[in-house]
Amino acid sequence: MPGNDVSIHGEWSSRWAFVLAATGSAVGLGNIWKFPYITGENGGGAFVLVYLISIGLIGIPIMMAEVMLGRRGRLSPINTMRKLAKAGGHSRHWQWLGWAGVLTGFLILSYYSVIAGWALSYTVRAATGEFTGADAGTIKNIFTDFISSPLALLGWHTLFIVMTMVIVSRGVRGGLEKAVKLLMPALFILLVLLVGFAINTGAFSRGVEFLFYPDFARIGWNGILIAMGHAFFTLSLGMGSIMVYGSYLPKNISIAKTTFLIAGADTLVALMAGMVIFPIVFANDLQAGSGPGLIFQTLPIAFGHMWGGLFFGTLFFILLVFAAWTSAISLIEPAVAWLVENHNMTRRKASVVAGFVTWFVGIGTVLSFNLADNIRLFGKTFFDLLDYLTANILLPLGGLIMAIFATWVLSTKSSVSELELGEGLKYSLWFYLVKFVAPIAVLVVFLNVINVINL
Ligand code: PHE
């Protein structure tokens, strides 16, 4: 009977451990590196509004569904889907959702790790005073020189993969839980400090206006898809990370409460990152829309000139590495859990295998910033393509299928008992959001982007 047993991989020691781990998964490069740069590229306020609406109407309900499926299945997403489908007498093909998630996790981690490598390298640069007194031109050159060196990028990418595998191989309690318990609170404190800094830049109100004043002329359907896709990406939804963490969740813990906490913390971190970065951008006459290099090309200028910049710059990049680290371990966990279950591997061996595959695919992203930056498909480099495919297509699609499974396939009896929201308004709200609102919203956005319908 699904839902009653305990995961063979162990369990979180407390509700807090789960909240910290899932928040660690959610809060990452997505919040600090990606959110500001895609907000800058897509015109600010209107984009942020669509993102916030997506979090509330799609992200939070689907996150509850994903945690719920995990806790009922108690296995890696592949086996969880197989087990839940079988228990309800449905097709074993539902396990393909788990497979798609494993693939998506590999693809995301392969480029995620390269960007995390940038952050590693920038930690060292900040700490050694490379930015001190440097002007915008110098900072830009540092960045362009850096990303045009395949060997440098490869070296940092390799280091980050190794760091990730070390934590993953230690397992749920020993590795994941210890890491996040330490890293997450530190991250919050550091961000609060940095917002304090931003308030003193003189452009705080301009930055805040850019983030929160919606100008709908600046966003089209593709922008809406990117905002919605980012809601999935930032909450780690649609590929099994949250499902696998949910499978380590003890029975007596409220899924709804913990989900709200996690999504709230994640959104807060993104908005705080925006409130740090845009005032600095505007105070220094920088470009909000300068792409994936935004934080690397702009923040060092500020750090190079502000009081205490060496210290705070170093702290900022350390924060970014930590945030990326706790997300990376969750990206690979579905694959590792499956290797342990089905191939009888030790966690250590499974981590090495998964890490090697990811590292190898990551070479494509490394090269897409230099030697192969002229190789394009649909006008996109390998990195752009991977990012677009995973965040804007695979994650929303995965989330859509989870939503369908949780409300159309799984019995309501199961979801009622697992969610413990009673059978009244709260449950109905969740149910209809997941059954109709979220899938229809995802489909409408998809169809508009490929121009099949015109809304
Ligand atoms: N949520 C992470 C971030 O914002 C990325 C991630 C996506 C992690 C999907 C796990 C699964 O950086």
Side-chain angles (χ1 to χ4, degrees), residues 19-39 51 54-55 58-60 62-63 66-67 70 76-77 97-98 100-119 160 164 167-168 176 179-180 183-184 187 191 226-246 259 262-274 292 295 319-337 354 358 386-399 402:
V19 171
L20 286 174
T23 311
S25 165
V27 176
L29 292 174
N31 308 62
I32 295 163
W33 158 76
K34 195 172 178 194
F35 173 73
Y37 101 73
I38 56 178
T39 298
Y51 155 75
S54 308
I55 294 278
I58 306 175
I60 291 176
I62 291 192
M63 190 165 192
E66 191 169 337
V67 177
S76 69
L97 177 63
V102 166
L103 176 73
T104 309
F106 275 123
L107 293 180
I108 296 180
L109 186 58
S110 78
Y111 71 81
Y112 203 86
S113 160
V114 175
I115 310 293
W118 296 4
F160 188 78
T164 304
I167 299 283
V168 173
L176 307 190
V180 286
L183 304 185
M184 290 307 300
L187 191 146
L191 259 183
I226 297 173
M228 186 188 79
H230 189 64
F232 283 92
F233 185 89
T234 193
L235 291 179
S236 308
L237 299 180
M239 56 138 290
S241 285
I242 290 298
M243 198 187 286
V244 83
Y245 277 14
T259 299
I262 296 158
D266 183 76
T267 310
L268 193 69
V269 170
L271 297 178
M272 278 165 89
I295 61 168
L319 176 156
L320 195 59
V321 170
F322 279 4
W325 204 4
T326 53
S327 300
I329 55 186
S330 75
L331 279 161
I332 206 71
E333 181 65 18
V336 169
T358 320
L386 262 191
D387 176 40
Y388 196 90
L389 175 76
T390 51
N392 303 334
I393 300 171
L394 292 176
L395 294 182
L397 207 59
M402 283 178 198

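Since the model is a prediction, treat every value here as computed from it, not as a measurement. Numbering of ligands and ligand atoms starts at 1, following listing order.
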Requested in this report: Find out whether Ile108 and Leu394 are in side-chain contact, i.e. whether some heavy atom of one side chain is under 4.5 Å from a heavy atom of the other.
Outcome: no

**Report entry** Student check: side-chain heavy atoms of Met239 and Pro334 closer than 4.5 Å
**Finding:** yes

**Report entry** With sequence neighbours excluded, residues passing ring-ring contact (aromatic ring centres under 6.0 Å, His included) with Tyr51
**Finding:**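 Tyr51 satisfies ring-ring contact (aromatic ring centres under 6.0 Å, His included) with Phe35, His230 once adjacent residues are dropped.
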
Report task. Mind checking ring-ring contact (aromatic ring centres under 6.0 Å, His included) for Tyr388 and listing every partner two or more places apart, or none if nothing turns up? Result ->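 Listed in chain order: nothing, the list is empty.
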
Which N/O atoms of ligand 1 sit under 3.5 Å from a protein N/O, and at what distances?
unit_1	atom_1	unit_2	atom_2	d
ligand 1	1 (N)	Ser25	O	3.2
ligand 1	1 (N)	Ala26	O	3.0
ligand 1	1 (N)	Phe233	O	2.7
ligand 1	1 (N)	Thr234	O	3.2
ligand 1	1 (N)	Ser236	OG	3.0
ligand 1	4 (O)	Ala26	O	2.9
ligand 1	4 (O)	Gly30	N	3.4
ligand 1	4 (O)	Asn31	OD1	3.4
ligand 1	12 (O)	Leu29	N	3.2
ligand 1	12 (O)	Gly30	N	2.8
ligand 1	12 (O)	Tyr112	OH	2.4

Query - For Ser54, side chain to side chain donor-acceptor pair (under 3.5 Å) partners two or more places apart - result: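 So Ser54 forms no side chain to side chain donor-acceptor pair (under 3.5 Å) with any residue.
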
Query raised in the report: Does the Ser330 side chain pair with the main chain of Ser25, one donor and one acceptor, at a distance under 3.5 Å?
Result: no

